[in-house]
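Read through the structure below, which is laid out as structure tokens, and then see the notes.
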Amino acid sequence: MITRKSKREIEMMQEAGKLLVQTHKEIAKMIKPGITTMEIDTFVEKYLAKHVATPEQKGFSGYPYAICASVNDEICHGFPREEKLVDGDIVTIDMVVNLNGGLADSAWTYTVGNVDQVGQRLMEVTRKALYKGIEKAQAGSRIGDIGHAIQTYAEDEGFSVVRDFTGHGIGPTIHEEPHIPHFGLPDKGVRLKEGMVVTIEPMINEGTWKSKMDANNWTARTTDGGRSVQYEHTIVITKDGPLLITDQGEER
């Protein structure tokens, strides 16, 4: 069932979004060669606790960590680990913050030291694809409009769009209807309505879009070893256009 959120629910999610943004900005200061994603996971759990919040995905369907940390060819749901990040790595940190029952979800990809030009371009295209999708998140539009905008742009730039994982509705639980594919046809799918809150989170690969699952049954990675990048925002559908509740103030 697709729910439309009340003004109060949206305000609670906005507060969670502010804390999530603060957390990502702290993570950005930490990312460098030699740090481990387990250190980042530990930091996030302590930082949220300090602000009387919790990492909502920890314990969700048995997921054991506060963050997902996906490195290089890992598409999503990478487990934090003790292996040190090295110069040239690309790492996506994804998390859901629960603050007083309000949820916000955002993933951000970071460079570790010096990343090659193809990797930098993959990140730039993925970030731009996210905003092209957000532009289509208008009341009265359809979900297919979002995916079509993302897919068309990313593929025109020579990259591929992951099919096996999608955006989703959110609040009061992590994953709700509707699913938001990052590919598809315009004017197809569920119509967006004011008050809906969804995530848009394209995962774009430098090679094939196809994925395979690690033995932990959580971490997905590319089948060809190509790198994958993800950016994600939580968006409220309003009569005045999409409202980003996880906006970091970044350049569009």
Side-chain angles (χ1 to χ4, degrees), residues 1-24 53 56-57 60 76 94-108 126-154 161-204 230-252:
M1 184 176 68
I2 299 173
T3 62
R4 297 162 73 179
K5 307 306 186 276
S6 68
K7 182 174 181 290
R8 176 59 182 153
E9 287 174 312
I10 291 170
E11 288 172 349
M12 291 171 64
M13 297 178 82
Q14 286 178 297
E15 290 304 307
K18 290 176 183 177
L19 178 56
L20 191 155
V21 167
Q22 292 172 18
T23 309
H24 265 302
E56 183 70 7
Q57 71 244 45
F60 176 76
C76 60
D94 185 8
M95 68 185 118
V96 183
V97 169
N98 181 332
L99 179 63
N100 299 320
L103 301 187
D105 187 357
S106 179
W108 214 251
T126 306
R127 192 165 55 245
K128 287 186 177 179
L130 167 65
Y131 291 111
K132 288 185 179 293
I134 289 171
E135 287 173 6
K136 299 297 183 180
Q138 307 283 342
S141 296
R142 293 187 182 273
I143 285 172
D145 299 330
I146 296 171
H148 182 72
I150 291 169
Q151 181 182 15
T152 300
Y153 172 69
V161 181
V162 171
R163 307 288 201 273
D164 298 326
F165 302 91
T166 68
H168 51 86
I170 184 171
T173 56
I174 291 183
H175 284 177
E176 300 186 352
E177 294 292 336
H179 295 293
I180 312 290
H182 305 111
F183 61 95
L185 299 173
D187 202 30
K188 298 292 184 181
V190 172
R191 194 175 297 281
L192 298 169
K193 297 181 179 180
E194 184 180 352
M196 291 170 61
V197 182
V198 301
T199 71
I200 300 176
E201 47 185 296
M203 289 146 271
I204 308 297
Q230 180 187 19
Y231 289 96
E232 173 189 15
H233 276 311
T234 300
I235 299 103
V236 182
I237 307 301
T238 82
K239 60 179 176 31
D240 300 316
L243 171 65
L244 278 62
I245 68 170
T246 51
D247 189 357
Q248 296 190 31
E250 68 278 3
E251 185 176 341
R252 303 293 169 85

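Keep in mind that what you see is a predicted model, and the values were worked out from it rather than measured.
- Panel note: side chain N98, backbone L103; no donor-acceptor pair is recorded below 3.5 Å.
- Atom CE of M203 sits about 11.0 Å away from atom CG of L130, to the nearest 0.5 Å.
- A heavy-atom distance below 4.5 Å is not found between the side chains of D94 and C76.
- Looking at T234 and L20, their side chains never come closer than 4.5 Å, going by heavy atoms from C-beta outward.
- L19 has its side chain within reach of T23: a pair of non-hydrogen atoms, C-beta onward, lies under 4.5 Å apart.
- Counting only distance, with no hydrogens or angles, the side chain of Q57 and the backbone of V96 share a donor-acceptor pair below 3.5 Å.
- Across all their heavy atoms, N100 and M12 have their closest contact at O-CE, 2.8 Å.
- When every heavy atom of A53 is checked against every heavy atom of L99, the shortest pair comes out as CB-CD1, 3.9 Å.
- Across all their heavy atoms, P242 and I235 have their closest contact at CB-CG2, 3.5 Å.
- The number of heavy-atom neighbours closer than 6.0 Å to NE2 of H168, taken from other residues, nucleotides and ligands shown, is above 12.
- Under the 3.5 Å distance criterion, the side-chain polar atoms of E232 are matched with a main-chain donor or acceptor of A107.
- Closest non-hydrogen pair, A129 versus I150, comes out as O-CG1, 3.2 Å.
- Taking 4.5 Å as the limit, every side-chain heavy atom of D247 sits out of range of all side-chain heavy atoms of V21.
- No donor-acceptor pair closer than 3.5 Å links the side chain of S141 to the backbone N or O of A137.
- Across every non-hydrogen atom of I143 and P181, the tightest pair is CG2-CD, 3.6 Å.
- Look at E135 and K132 and you find no salt bridge, because none of the NZ, NE, NH1 or NH2 atoms lies under 4.0 Å from a carboxylate O.
- Taking CD1 of I245 as the reference point, atom CD of E11 lies at 11.5 Å (rounded to 0.5 Å).
- For the pair I237 and V197, the minimum side-chain heavy-atom distance is 4.5 Å or more.
- Checking each of I180, T246, I170, I174 against T199 for a side-chain contact (heavy atoms from CB on, under 4.5 Å) leaves exactly one that passes, namely I170.
- Put simply, the side chain of E177 never gets that close to the backbone of I2: no donor and acceptor are under 3.5 Å apart.
- Contact detail for A149 and K136: the closest heavy-atom pair is CB-CG, 3.8 Å.
- In this structure, V162 and H182 have side chains that are not in contact, with every pair of non-hydrogen atoms separated by 4.5 Å or more.
- Side chain of R142 to backbone of K188: no donor-acceptor contact under 3.5 angstrom is found.
- The CG atom of D187 lies 6.5 Å from the CZ atom of R191; values are rounded to the nearest 0.5 Å.
- Using cut-offs of 30° and 60° for the angle between ring planes, the H233 and W108 rings count as tilted.
- Counting non-hydrogen atoms of other residues, nucleotides and ligands closer than 6.0 Å to NZ of K5 gives a total above 12.
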